[in-house]
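Single-structure report; data block below.
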Amino acid sequence: MGALNMIQLPSLHLATFSSFISPSISQSPLMKTLTPTRRSITRSFSLKSFLDLTPEYKPLQSLNIDLETHDFTGGSPDYDAVIIGCGPSGLRLASLASKHGLHICCVDPSPLLLWPNNYGVWVDEFEAMNLTDTLDKVWPSATVIINDQKSKHLHRSYGRVNRNYLKSKLIQACVSNGVKFHVAKAWKVEHQEFKSTVLCSDGKELNASLVIDASGFTTSFMEYENTLKRNHGYQLAHGILAEVEHHPFELDKMVLMDWRDEHLGNEPYLRARNETTPTFLYAMPLSSDLIFLEETSLVSRPVMSYREVKQRMVARLRHLGIKVKSVVEDEKCLIPMGGPLPRLPQSVVGVGGAAGLVHPSTGYMMARALGVAELMAEAMVECLGSVRMVRGKALQRKVWTSVWSGERMREREIYCFGMETLLQLGLKGTRNFFDAFFDLDPYYWHGFLSSSLSLEELALLCLSLFAHGSLPSRMDIVTKCPLPLARLVANLANQAI
């Protein structure tokens, strides 16, 4: 759901996916690459499930863009910032900071390599950042299926990110603004009072006033707080972009969550496990016979079996009558949620997954991380582009505050409380929760999913959620939430000290 996660050339931008499969270009070399052969279609019906199919298409490995690399022979001056990693938030930060005249270098072993995962976002979030041109498909509304008798229709547009075009756009902006690149892996960062040095795998060194870690969840450069003894939850998903005979979903709605479990009626072991650790289907219908499907464990602790997620997906598609003719792409998505924040402040400043920006209750991060990159760029320009030339710990503190202010940290406690609550609910409780959640005033559920509510608004949301909840939902809150609530109060009190 967070790495909600193309199959087009990076240089090809499409207003909608439907145009991609229109007759005018259906005979293009790319479409011939994506269209399964008659042999593969015939073969698929003799297989046990789509899991036996090999993806028909592998994305191009890298973009074809000329990068300006760092010249180690020219005795170039120190950079204002070195950014480790060329993910979405790292490149967005580099493009925005360099736009205002800062000298930036990005370090990555494969800066042009295409991102593997698919991303879905609320359209209004990308509108606020002028990034709607990177969406290749937009659905006017979304659906949450609570059970076989009840669904919620969400009047909020949802879009599928053309990940190749988004990366191409960000890289091109970096190149236009004079960002330098060094093709290597960052191994170590050493700090002096007003300067830091990044040591790379090729033995080269880069100096900068500030080092930004955009290397993701598995970073080795970030120190994390452990005094609050927070445990991660984990979102796990298996997704496929598939050519199917047909599917039952409306083309003008994406399916945000389908919590039905009738497909497990003949799978007693899977059904029993689903009662305690439920999974849902996330679906983006691109045409009548092309669809992105993802079976998702919203949050579990410990992480649930990937094999079981796939087994549940097989049973679900069989029950829905979805026959997969070919798998265009497949992906595995594992997202740590909640857990400790980075120790604040520290000499290396994080962004994206390294900074703990993933939404603890939903797994969403893309729009939030890109938005924070804008705030970080403003703070960097204010310090490094000013006459005062703020450096050292004052610079690090200023930029860290743009990522995690005291208010933002307190708001995150509410989102972590949401995650801890979801971990306690099981299937029935989760259904009751989302039944009440999506009955709230749209302002509140919009804001919760987008991490944009103030602490006071989050408190009002919690009260409203209890008021709108059914009796079983209220009983769940009363009986299963005391411990998460106690942790919330303790963590807020600890921050206030």
Side-chain angles (χ1 to χ4, degrees), residues 2-6 8-15 59-70 79-121 123 125-136 159-183 186 212-216 349-355 357 364-381 402-403:
L4 300 170
N5 288 303
M6 199 121 183
Q8 65 282 348
L9 291 168
S11 59
L12 179 62
H13 174 231
L14 306 171
L60 295 178
Q61 292 301 301
S62 61
L63 297 171
N64 183 23
I65 299 175
D66 291 330
L67 302 179
E68 186 173 356
T69 58
H70 175 82
Y79 289 100
D80 291 309
V82 167
I83 298 175
I84 301 172
C86 285
S89 55
L91 289 177
R92 170 98 169 145
L93 176 58
S95 66
L96 292 172
S98 60
K99 181 180 179 180
H100 294 281
L102 298 190
H103 299 290
I104 308 293
C105 183
C106 293
V107 179
D108 192 290
S110 304
L112 295 175
L113 190 67
L114 295 175
W115 301 319
N117 291 338
N118 288 269
Y119 302 102
V121 297
V123 173
E125 294 177 330
F126 262 39
E127 282 178 342
M129 295 182 285
N130 296 316
L131 290 174
T132 52
D133 60 337
T134 65
L135 303 178
D136 56 34
R160 187 169 191 262
V161 178
N162 181 325
R163 62 182 188 251
N164 299 355
Y165 185 73
L166 177 61
K167 181 159 190 176
S168 179
K169 178 175 181 173
L170 294 176
I171 288 274
Q172 292 284 14
C174 288
V175 170
S176 298
N177 297 338
V179 173
K180 301 293 195 300
F181 291 83
H182 182 51
V183 182
I212 305 289
D213 183 1
S215 61
V349 180
V351 69
L357 289 179
Y364 278 116
M365 185 181 69
M366 168 67 85
R368 167 86 170 119
L370 295 179
V372 166
E374 189 169 343
L375 299 176
M376 292 176 69
E378 292 172 359
M380 290 166 62
V381 171
S402 70
V403 181

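If you're wondering where the values come from, they're calculated on a predicted model, not measured in any experiment. Heavy atoms only: backbone and side chains are in, while hydrogens, waters and symmetry mates are out.
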From the list L96, V349, I104, L375, side-chain contact (heavy atoms from CB on, under 4.5 Å) with M380 holds only for I104
Rounded to the nearest 0.5 angstrom, the CG-CD distance for L93 and E374 is 11.0 Å
d(D136 CG, R163 CZ) to nearest 0.5 Å is 9.5 Å
Quick one, L112 with I171, criterion side-chain contact (heavy atoms from CB on, under 4.5 Å). Give me CA distance, side-chain angles, the key distance, then yes/no. CA-CA 8 Å; L112 295 175; I171 288 274; 4.3 Å; yes
- Step by step, work out the side-chain contact (heavy atoms from CB on, under 4.5 Å) result for K169 and D133. CA-CA 10 Å; K169 178 175 181 173; D133 60 337; 2.9 Å; yes
- side-chain contact (heavy atoms from CB on, under 4.5 Å) between I212 and M376: does it pass, once the steps are laid out? CA-CA 10 Å; I212 305 289; M376 292 176 69; 3.9 Å; yes
Is the Y79 ring parallel, tilted or perpendicular to the H70 ring (thresholds 30°, 60°)?
tilted
ask   = Can you list the steps and then say if V372 with R368 is a side-chain contact (heavy atoms from CB on, under 4.5 Å)?
value = CA-CA 6 Å; V372 166; R368 167 86 170 119; 2.9 Å; yes
G159 and V123 have their tightest heavy-atom pair at N-CG2, 3.7 Å
Here the pair of heavy atoms bringing G352 nearest to S89 is CA-OG, 3.7 Å
Taking every heavy atom of V403 against every heavy atom of A355, the minimum-distance pair comes out as CG1-CB, 4.1 Å
Heavy-atom nearest pair, A377 first then A97, reads CB-N, 3.9 Å
Taken in chain and number order and not counting sequence neighbours, the residues that satisfy side-chain hydrogen bond (donor to acceptor under 3.5 Å, both in side chains) with N177 are S98
Between the CG atom in N162 and the CG atom in L131, the distance rounded to the nearest 0.5 Å is 12.5 Å
Separation between NE2 (H100) and OG (S95), nearest 0.5 Å, reads 9.5 Å
Taken to the nearest 0.5 Å, the spacing of L63 CG from C86 SG works out to 10.5 Å
Tightest non-hydrogen contact, residues L170 and W115, listed as CD1-CH2, 4.2 Å
